[in-house]
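Take a look at the structure set out below.
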There are 2 protein chains.
Amino acid sequence: MQRVTIAQVAERAEVSTATVSRALSGARPVSDEIQRRVIAAARELGYSGNSIASALRRSRTDTVGMVVPSITNPFFTSLVESVEHVLQAEGRQLFLCDSRQEPEVERGHLRSLMARQVDGIIISPCHGSESASAVQGAAETLPLVQLDRRVAGTSTDWVGVDDHEGMRLLLEHLHAAGARSAAFVSSAMTNSSTELRLAGFKLQVERLGMTTRAEWILLGEYSVAWGRRATETLLDGGELPDAIVCADDLIAIGALRTCRVRGVTVPDDVQITGYDDIDFAELVDPALTTISQPRDRIAAETVRLLATAETWGGTAAHTALAPALVVRESTEPSGWSPPYPRFGDGEHQESSSRS
Amino acid sequence: MQRVTIAQVAERAEVSTATVSRALSGARPVSDEIQRRVIAAARELGYSGNSIASALRRSRTDTVGMVVPSITNPFFTSLVESVEHVLQAEGRQLFLCDSRQEPEVERGHLRSLMARQVDGIIISPCHGSESASAVQGAAETLPLVQLDRRVAGTSTDWVGVDDHEGMRLLLEHLHAAGARSAAFVSSAMTNSSTELRLAGFKLQVERLGMTTRAEWILLGEYSVAWGRRATETLLDGGELPDAIVCADDLIAIGALRTCRVRGVTVPDDVQITGYDDIDFAELVDPALTTISQPRDRIAAETVRLLATAETWGGTAAHTALAPALVVRESTEPSGWSPPYPRFGDGEHQESSSRS
DNA sequence: GTGAAAGCGCTAACAG
DNA sequence: CTGTTAGCGCTTTCAC
């Protein structure tokens, strides 16, 4: 098994270990002749390197750790995919961890990533407050950027989407499509996305002169199952709102499902919107109107920020990218036609400050 | 930012570094008094360990690498989730890599995992033949088990589902539901799942006296988009089969979508089946009849095999678990009633041999 | 039960 | 350009 070391290659090529290291890593120029001998010796012996030893010596792993709340949530997997793609282009690897929505598990992952000497950490914290100390602690030791969600009151970098803007797009669209009352189904208020989306919802409802009710604000979790249950509650509750605004696509898909089972027609009886624009959003029936996040852009920005933090450190940046409205079949009741053009372009850099 | 080492802890606790190591890892007993001092010193200094150094010394990382063809395929993410769960119970970590269906990327990941000295590798190879050499090479150096898919002609451990049995369940069900002809939509024949499922399909079609045609066997990729396109081809091709058997749920969901767009009723005009039973299978309309794979069981078996390989080495085992039929709305045309009970229990250990 | 010392495999000085 | 030397931070004999 895994035996052959640089020393054996050196012996076979009749050079020093240092030369082998240089020839193989290309850190410094080596004569053609020796280069050839080393390469040959390495392949003959099946040398494959030991990045553990290399990492110890260089105190660099070329690896970044990423922690997401749930690996089965399509939104996060596509984010992971984008991040990994960007990283791969720079020859770095991603160490992926799933916190399964549990702050304790998340804390463990963070600890382990630090012990593994990753060069930086990208995290979407699972909890708005309980994740705070671990995230803050990690950020004090190495470059860390929060993605999508963020914990309250930390001074680390963050990249995500402008949730207020997202809610504005959604509610203006619904309002224009005739909705005058709306319910909001989300996860329990344990993270920033949830809080910002709810705040945005309330603000826009008020601004547009729409109505909502306390019983129409349902907080559970980001899952299809919760979307189903919440919608059942809504349907059982008597009067139905004109629209059900869901805090993510999974919830919205559950809502759609319940409506179909109960014989409620979408969008004619009730309009439904999602958030994230996961792949399945356009595959359900009716296809889901939702907010699209610029995932590749978010990923690129995140990695860039990580690199910045490596050299600069200390100065935190919050980057909010503009979301886009994607109109499909779950809104705009039949007979309706758009009164004015769509929104959803541009971008704004939120701030760049140190606390 | 500067990492605190065991030496600093030792100094502060006024003991040797060896003692600190022992106290912290619990490798050997240490007096209560010293134990306390070390723990205190460690936490006061914010010591967090360096598993790189530890790994180098112990030549053990307590990490296993996992390579999947696509992290956005829900089937694989749920498999990953199961595996990670099992591993976590033993205090080991998972290093996840996405080969993006590219043998070259896969090869790179394998190399990198070996260089990282992972204790073992779990892989679902992306290609039936092109993945072979890299997989074989890795397997010669460290414990490796293939999951779900496997490359042709290797002698490594494998855990998956009995695809022949899966096809038998599916086709007997369709036959009993009145289907006498069937099409098969799958990915291009570049991996074992595909091959086995296609072989199983043909065998059962023949055994049950059903018909198929060369133009009804459509090979593309495991994706919703391909399912859509293939089904369009089918619909444009004149006579329609009684059933469309899809090699995975994504393809089936695409097929469903095309049928709806084209006004073809499922299951009355054509029955459709999937494979894998991903979460979304029951959320589409009509809900998908499919084959369920015992994911937790597969994961547990895989990890067990990995541990076995660590100590034994050399003897390969192929473990095929029994799949189960899940009947939903996309089969059994209206007015139909089940003539006999369902199948899908039990399990069989395929073999245990060395090549 | 504890300490001293010898490396794990590699790379970064520092000569030559 | 190439070799020699000195560790990276930790675990583990081997003594006491």
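Reminder, nothing fancy here: chain letters follow the sequence lines and each chain counts from 1.
Interatomic distance, A:T19 OG1 to A:I34 CD1, rounded to the nearest 0.5 Å: 6.0 Å. Put simply, CZ on B:R36 and OG on B:S31 are 8.5 Å apart, with the number rounded to the nearest 0.5 Å. Atom OG of B:S16 sits about 6.0 Å away from atom CZ of B:R22, to the nearest 0.5 Å. Interatomic distance, CD of B:E81 versus CG of B:L96, reported as 12.0 Å (0.5 Å rounding). Separation of atoms CG (B:N50) and CZ (B:R57) is listed at 14.5 Å; rounding is to 0.5 Å.
Sorted by residue number, the list of members of residues 24-34 of chain A with any non-hydrogen atom under 4.0 Å from DNA chain C is empty. Of all the residues in residues 52-61 of chain A, A:L56, A:R57 reach under 4.0 Å from DNA chain D with at least one non-hydrogen atom.
Straight-line distance from the CG atom of A:N50 to the C1' atom of D:dC10: 14 Å, rounded to whole Å. Computed from coordinates, the B:L45 CG to D:dG9 P distance equals 15 Å when rounded to whole Å. Summarising the geometry, the separation between CZ on B:R37 and C1' on C:dG1 is reported as 13 Å, rounded to the nearest angstrom. As rounded to whole Å, 14 Å separates atom P of D:dT2 from atom CD of A:E14. In this structure, the CE atom of A:M114 is 16 Å from the C1' atom of D:dG9, given to the nearest Å. Distance B:R116 CZ to C:dC10 P: 15 Å, rounded to the nearest Å.
When the shell of 6.0 Å around CD of B:E14 is examined, it contains 12 or fewer heavy atoms from other residues, nucleotides or ligands. Atom CD of A:Q136 has more than 12 neighbouring heavy atoms from other residues, nucleotides or ligands inside a 6.0 Å radius.
Across every non-hydrogen atom of A:Q93 and A:L87, the tightest pair is O-CD2, 4.5 Å.
Side-chain atoms of A:S25 come within 3.5 Å of backbone N or O of A:S21 as a donor-acceptor pair.
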Please walk me through it: do B:R92 and B:E90 pass salt bridge (Lys or Arg N to Asp or Glu O under 4.0 Å)? CA-CA 6 Å; B:R92 309 167 82 185; B:E90 327 182 336; 3.4 Å; yes
Could you go through A:R295 and A:S78, starting from their C-alpha distance and side-chain angles, then the distance that decides it, and tell me whether this counts as side-chain hydrogen bond (donor to acceptor under 3.5 Å, both in side chains)? CA-CA 8 Å; A:R295 295 182 279 227; A:S78 58; 3.1 Å; yes
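Taking 4.0 angstrom as the limit, B:S21 places a side-chain polar atom (N or O) nearer than this to OP1 or OP2 of D:dT11. The shortest distance between the side-chain N/O atoms of A:T19 and the OP1/OP2 oxygens of D:dG3 is below 4.0 Å. Considering only side-chain N and O atoms, A:S16 lies under 4.0 angstrom from the phosphate OP1 or OP2 of D:dG3.
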N/O contacts under 3.5 Å, protein versus nucleotides 14-16 of chain D?
none

